[in-house]
Amino acid sequence: MNYQEKKRSGPAGFTRTVNIVWSTLTSPVTFVVICFLWILNLGLGSIAAYFDDPKFWVKMDSVPFNVWLREVAPETLPQSLWIYIMVVLTFLMVVSLLLCTANWFFRKRRRFKGIGEVLVHLGFLLIFAGFVLGSAFGQRTLVDVIEGGASKIPMMDLTLSLKKLEVVRSPDGGSLDTLSEISLTGDGGVSARGRISLNHPLISGYTVVYPPDDYGHFITGGVVGTSEAGARYMERGTAVELARGRKLILEGIVQAGQTMRNLAGPGLFLVMRDTEGTVVDTGYISSAPGNRSTISLDGTTVTLGQLRESTIGRYRVHYDPGVWLVIAGAVILALGTLWALAGYLGIISQASRVRD
Amino acid sequence: MPTTLWNILHFTALGCYVLSLAAWFLSRVSNKIPGITAVWIATLGLAFQTAQLLLRWGAGGHLPVTGLFETQHFLTFWVVALTLYFYLRYGAGKLLPASMLFAVLSLMLAMKGPRAVAPLIPALDTPLFMIHIATSFAAYGLFGLGAILGCYRLAGAEISFEGGTRRMLDESLYIGYILFTWTMIAGSLWAYLAWGSYWTWRIKGIWSWILWFYYSGVLHVRNRPAWEGWPLNILAVAGFILVLFTYLGLGLLFSTSHPLL
């Protein structure tokens, strides 16, 4: 082979190799092979995980996927190995789809032919990107909020306020749903407010508040009468100034039906502190049978008045920065299938005409 | 409405499908019974099923697709309706016995579930639920017919004009896949609004994705010369085994978010 021949075959050989590699990477068969391995791994792994621990999925769902992958999965190796394999195969599948889509744009694009299928690919890629984003930076938390009150949402610079919580009941008295009037407040003021119920959460950007998983009536405080300060309404942490600089503080609340050591609820656990803040006496007042509603603390008579009950809801708050990508992906995917279907039905009717 | 009514409609539809199956076989051995009789009896069975569907819808105030009884009826409804569609469009009369056998077995399994109309729990009371279920069972029905067609093709039987069986198989897989994609989209959106996540790591959700990817793979290879023959038929049959496991196997044998009993 002379120089001229080498010169010609060099780049041609290189181009041919590139073409073969590109064709292999963008080939639907490559996708199908990865897809098959993914199905096999996930199918067998999911069944094995279920039989190993029927609560496996519930535990996995309770934290964002990246947290589970980083903190929980390593402890359950080798049983969780299939999850890591799934992650690798999923990424390979996405790369295959990405290259396949790119290939369509570079090589096969002609008018609108095949655009439905490309939209399906693009939609799926967006959904996957949104899922990765949400898994990496998303947060999930539970917030207890008293009716008429507000609570800071942990890990998010937001406050959740609950104006009203109603329970929707069936004719036989069973709980069907809840209606909550809530608002979300951030640094810039109220970001969203509304009435939420099942299937109707409050959506504010990337943050969503769902109806309470749990709710109930709780004693949040009560009226306490003293011989020196009269009747005062107290909540947990409330301090009432007494003579000689002493303070009467509501330290804790025992709920109805609960017991704490030998104290039966409902009742209030009180602490008397001196000017130095030193505890000088403690006591418990309760309306439960067998308990005293009037006691003497450091010489001061303390009497329990009316206990106040409030409704508390436990709300799930999710922050998912990838959710709008997912929704956009789902819309594109749906449009892609509609486009593909329209094209396909056109082919069918054409085929029928040929037959006729 | 009384359970008696549901029993009457259920057993009448079941009886029609048994008779249709018998009529088809008799028409093969005797000239006295025309082949069209089986089609008419199947249509009558479908009419009874449609009546039951509408009456239950009216009684419950929602699409009757909760529990084993209702879902089996809904699946059978789609399989029979699509069989009749293929009969009209492609003249695929030979599809009838297999579909009728499927319908009979399906309705017999339905009897394992309670027949009373159950009120819809609030979480299911959304149009997304209706889209999710209606498209999923239409897709399952198409995948089921795809499997039946795959079996015919494996046996070397052409049940329509030349190339018609292949076209019906393609239609079953392609349109079934599109409908199942809508199932996944509606289900995810509903889960996001109701439970806080468009994706949950639950066995039902995982197997639904397995199913979606499986048929994605099938669609990618279905027109490739090396796959068009027996491999595609095997894929169509295996796909429906996956469908049955995802719908019935998980619903009956596992503790899932989609219980059937």
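Since this is a predicted model, take the numbers as computed values, not measurements. Quick note: numbers below take in every heavy atom, side chains included, and nothing from hydrogens, waters or symmetry partners. Proteins come first, then strands; the chains are lettered A, B, ... in the order of their sequence lines, and each starts at number 1.
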Side chain, backbone, both or neither of [X] within contact of chain A (heavy atoms, under 4.5 Å):
| X | result |
| --- | --- |
| B:Tyr198 | side chain |
| B:Phe213 | both |
| B:Ile210 | both |
| B:Thr181 | side chain |

Heavy-atom cut-off 4.5 Å, strictly under: side chain, backbone, both or neither for [X] against chain B?
| X | result |
| --- | --- |
| A:Trp68 | neither |
| A:Phe56 | neither |
| A:Ile34 | neither |

Between [X] and [Y], is any side-chain donor less than 3.5 angstrom from a side-chain acceptor?
| X | Y | answer |
| --- | --- | --- |
| B:Ser99 | B:Thr83 | yes |
| A:Ser46 | B:Trp207 | yes |
| B:Thr183 | B:Thr135 | yes |
| A:Asn199 | A:Tyr210 | no |

For chain B, the option from [options] that forms the most heavy-atom pairs under 4.5 Å:
| options | answer |
| --- | --- |
| A:Pro201, A:Ala334, A:Ala49 | A:Pro201 |
| A:Ile327, A:Leu176, A:Asp177 | A:Leu176 |
| A:Arg140, A:His200, A:Met93 | A:Met93 |

Worksheet item: So, does A:Ser180 use its side chain to make a donor-acceptor pair with the main chain of A:Ile182 at under 3.5 Å?
Response: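 Looks like no, no N/O pair under 3.5 Å.
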Fill in: Test item: B:Ser188 side-chain N/O and B:Met184 main-chain N/O as donor-acceptor pair under 3.5 Å
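Judged by distance alone, yes, a pair lies under 3.5 Å.
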Discussion item. If you apply the rule side-chain hydrogen bond (donor to acceptor under 3.5 Å, both in side chains), what do you find for B:Tyr177 with A:Thr337, and how did you get there?
Written reply: CA-CA 9 Å; B:Tyr177 175 77; A:Thr337 54; over 6 Å; no
